[in-house]
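Just so you know, residue 1 is the first one in the sequence shown, and it goes up from there.
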Amino acid sequence: MPLMKIDLIKGQYEPAEIKNIMQLSFDVAKETLSLPDRDRFQIVTQHEDYEINFQDVGLGYDRSDKVLFFTVLSTSRPVKAKKEFTKSLVAALADKAGVRQEDVIISFISNHAEDWSFGEGKNHFLNGDL
């Protein structure tokens, strides 16, 4: 049940490449965050190049225009799982999508199970559906 948002610069990836990035990131999340098969919520947002600026926070990264910013909104996850996710995602994107490791930024944002409704205005975790 994490919501994975992927922000990128418009025109840097072809539709098939974006689908591959989405699939790779879901596969990694499924493995490292213990997700069931249909627990897939992803949004890709493409921005004009003047609408996005990802610098390096002083670490010396030289980012390209193919930068990907992943925001993972989820209930709390163990630190070990987050570390496995970030390491595995960067490796998978480099190996299977040709994305430079320094072009992948990942941020986790935690919320609570009661913060989610998956349809019909029901709070599925609160009413026992999930």
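- The ring of Phe54 has its center no closer than 6.0 angstrom to the ring center of Tyr61.
- Closest of all the heavy-atom pairs between Asp103 and Arg63 is OD1-CA, 3.3 Å.
- When side chains are defined from C-beta on, Met22 counts as touching Val44, because their heavy atoms get closer than 4.5 Å.
- Between Ser25 and Gln42, the side chains place a donor N or O and an acceptor N or O closer than 3.5 Å (distance only, hydrogens not considered).
- Contact between Pro2 and Leu33 at its shortest, heavy atoms only, is CG-CD1, 4.3 Å.
- Cation-pi geometry between Lys66 and Tyr13 is met: the NZ or CZ atom falls under 6.0 Å from the ring centre, inside 45° of the normal.
- How far CD1 of Ile52 is from CD of Gln12: 10.0 Å, rounded to the nearest 0.5 Å.
- Here CG of Asp129 is found 9.0 Å from CD of Glu120. Values are rounded to the nearest 0.5 Å.
- Considering every non-hydrogen atom in both Thr75 and Ala113, the closest pair reads CG2-N, 3.5 Å.
- Between the side chain of Glu31 and the backbone N or O of Val28, no donor-acceptor pair lies under 3.5 Å.
- No side-chain donor from either of Ser117 and Asn123 sits under 3.5 Å from a side-chain acceptor of the other.
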Test side chain to side chain contact (heavy atoms under 4.5 Å, CB included) on Trp116 and Phe41; report intermediate values, then the result. CA-CA 12 Å; Trp116 292 89; Phe41 300 91; 5.7 Å; no

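- The environment of NZ in Lys82 is crowded: more than 12 heavy-atom neighbours from other residues, nucleotides or ligands sit within 6.0 Å.
- Of all heavy-atom pairs spanning Leu93 and Val104, the tightest one is CD1-CG2, 4.0 Å.
- Atom CD of Glu48 sits in a crowded spot, with more than 12 heavy atoms from other residues, nucleotides or ligands closer than 6.0 Å.
- In this structure a side-chain-to-backbone donor-acceptor pair under 3.5 Å is missing from Asn111 to Asp115.
- Atom CD of Glu51 has more than 12 heavy atoms from other residues, nucleotides or ligands within 6.0 Å.
- Shortest non-hydrogen contact noted between Pro36 and Phe26 is O-CZ, 4.0 Å.
- Under the 3.5 Å distance criterion, the side-chain polar atoms of His47 are left unmatched by any main-chain donor or acceptor of Leu8.
- The backbone N or O of Ala94 lies less than 3.5 Å from no partner atom in the side chain of Arg100, so there is not a single donor-acceptor pair.
- To the nearest 0.5 angstrom, Ser107 atom OG is 11.0 Å from Asp7 atom CG.
- Of all the heavy atoms in Asn20 and Lys96, the pair that sits closest is ND2-O, 3.1 Å.
- No donor-acceptor distance shorter than 3.5 angstrom exists from the side chain of Ser88 to the backbone of Phe85, with no hydrogens or angles considered.
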